[in-house]
There are 2 protein chains.
Amino acid sequence: MGRLDGMTAMAPARNEPDLSFLLDHTSHVLRTQMSAALAEVGLTVRMHCVLVHALEEERTQIQLAELGDMDKTTMVVTVDALEKSGLAERRPSATDRRARIIAVTEEGARVAARSQEIVDRVHREALGALPKQEREVLLRALNRLAEGHLAVPSADGTARRARQQVK
Amino acid sequence: MGRLDGMTAMAPARNEPDLSFLLDHTSHVLRTQMSAALAEVGLTVRMHCVLVHALEEERTQIQLAELGDMDKTTMVVTVDALEKSGLAERRPSATDRRARIIAVTEEGARVAARSQEIVDRVHREALGALPKQEREVLLRALNRLAEGHLAVPSADGTARRARQQVK
DNA sequence: TATTGTTATACTCTATAACTATA
DNA sequence: TATAGTTATAGAGTATAACAATA
């Protein structure tokens with residue numbers, strides 16, 4: 001699952017708070033824990049995300065892709081995996097014959113209930129390592145950042161070069 | 001610079017604190033801001049990381065790779081870039097003729113001073129969006145997590161399959 | 001025999017392009 | 001003309017393997 005790559009110690013040996021390292025490290029490690037925990041029920045993070053959103057209401061692949069911040073081509077692969085596992089099915093939309101509704105199977109609903117418990121448990125275990133008051137302030141502060149100064153990604157430095165024509 | 005991919009709303013619509021989303025989102029956005037800011041002085045995050053560590057004392061590529069949590073092959077590419085920009089040079093180690101010391105040039109030291117200011121500024125701007133007390137608790141809590149429950153990555157679910165023989 | 005640094009390359013991931021079928 | 005979903009594939013990133021020089 002890769003490395004942190006350079007974010008380790010952006011502010012080394014100077015006793016400056018290294019927010020980059022802290023956020024990258026904790027999110028990276030939490031993600032490995034989440035992936036490992038969800039693997040126990042045969043899900044990836046993406047599959048869990050799609051299952052849960054598809055259970056809420058009738059949604060098309062594009063709608064699910066937007067909710068999970070995935071590309072529509074990534075969604076194809078994810079739905080393929082869910083279908084192969086028998087957890088969801090593609091059904092034609094009643095109102096738009098181009099679109100497919102992702103219908104969660106009974107088995108899919110059972111797995112989703114378990115996977116949601118797993119997600120909550122992993123989060124609880126992480127937060128449980130903190131004093132209650134510290135935990136609440138942490139969540140409030142992260143929410144404030146996520147909604148404010150760290151709401152939207154900066155213009156993409158890694159912008160792709162103009163793509164070569166395929167044919 | 002990619003997406004968050006499924007981490008968006010691990011705990012949707014349930015008013016559960018979604019630590020995965022918060023950490024992934026904030027670290028992702030901060031990273032885009034950092035990359036964009038460092039691009040102003042022609043550096044990547046990795047180049048900055050290597051420069052700063054190489055300035056502290058005489059270090060070989062392998063030592064710098066470990067400090068920055070990079071693969072040694074990634075370090076080759078990073079040092080190539082630093083050399084091409086005239087910011088660092090490979091020098092033979094006096095004690096081990098296999099190893100190369102990464103020596104920062106004068107220009108490299110100037111750039112590193114500026115890039116460190118940029119890193120600190122980006123961090124200050126992010127943290128500045130928070131009330132002072134909240135900021136301090138956030139850093140304390142993240143440190144506690146990074147040193148405790150979220151210290152080391154979980155066994156890698158994405159383990160590579162056995163590699164095919166090359167020749 | 002082990003390690004440093006290098007090159008070459010295989011693997012994974014993601015996104016772009018192009019296509020089909022609808023709208 | 002535009003959009004939903006699909007397929008194919010380009011491109012970037014990263015890690016593995018093999019190698020030369022040296023320990």
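Just so it is clear: chains get the letters A, B, ... in the order the sequence lines come, proteins before strands, and each one is counted from 1. As the structure is a prediction and not an experimental result, all values here were calculated from the model.
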Taking only residues two or more places apart in sequence or in another chain, which ones pass side-chain hydrogen bond (donor to acceptor under 3.5 Å, both in side chains) with B:Glu40? none

Nearest-Å distance, CZ (B:Arg46) to C1' (D:dA15)? 12 Å

Starting at CD of A:Glu66 and ending at C1' of D:dT3, how long is that distance when rounded to a whole Å? 12 Å

Go through the structure and list residues passing side-chain hydrogen bond (donor to acceptor under 3.5 Å, both in side chains) with A:Asn143, not counting sequence neighbours. none

Going by atom type alone, with no hydrogens or angles, which donor-acceptor pairs under 3.5 Å involve a side-chain atom of residues 97-104 of chain A and a protein atom two or more places apart or on another chain?
unit_1  : atom_1 : unit_2  : atom_2 : d
A:Arg98 : NE     : A:Asp96 : OD1    : 3.2
A:Arg98 : NH2    : A:Asp96 : OD2    : 3.0

Is any side-chain N or O of A:Thr73 under 3.5 Å from a base N or O of C:dA15, one able to act as donor and the other as acceptor? yes

Between A:Lys132 and A:Glu136, does at least one N-O distance fall below 4.0 Å, as a salt bridge requires? yes

A:His28 NE2 to D:dT14 P: how many Å, rounded? 12 Å

With respect to the phosphate group of D:dA4, does any side-chain polar atom (N or O) of A:Gln63 fall under 4.0 Å of OP1 or OP2? no

Could you check how far CG of A:Asp71 sits from C1' of D:dG11, rounded to whole Å? 14 Å

For A:Val77, what are the other residues in its hydrophobic cluster, where any two members join if their side-chain heavy atoms are less than 4.5 angstrom apart? none

From C-beta outward on B:Ile62, which listed nucleotide comes closest to its side chain: D:dT14, C:dT6, C:dT4? C:dT4

Is the shortest distance from a Lys or Arg side-chain nitrogen in B:Arg121 or B:Glu117 to a carboxylate oxygen in the other one below 4.0 Å? no

A:Met75 CE to C:dA15 P: how many Å, rounded? 12 Å

In whole angstrom, what separates A:Arg31's CZ from C:dC13's P? 12 Å

In residues 86-104 of chain B, what residues come within less than 4.0 Å of DNA chain C, judged by heavy atoms? B:Arg90, B:Arg98, B:Ala99, B:Arg100

To the nearest Å, how far apart are B:Lys72 NZ and D:dA15 P? 13 Å

What integer distance in Å separates A:Met70:CE from C:dA15:P? 11 Å

Sequence neighbours left out, what passes side-chain hydrogen bond (donor to acceptor under 3.5 Å, both in side chains) with B:Ser93? Give chain and number order. B:Thr95

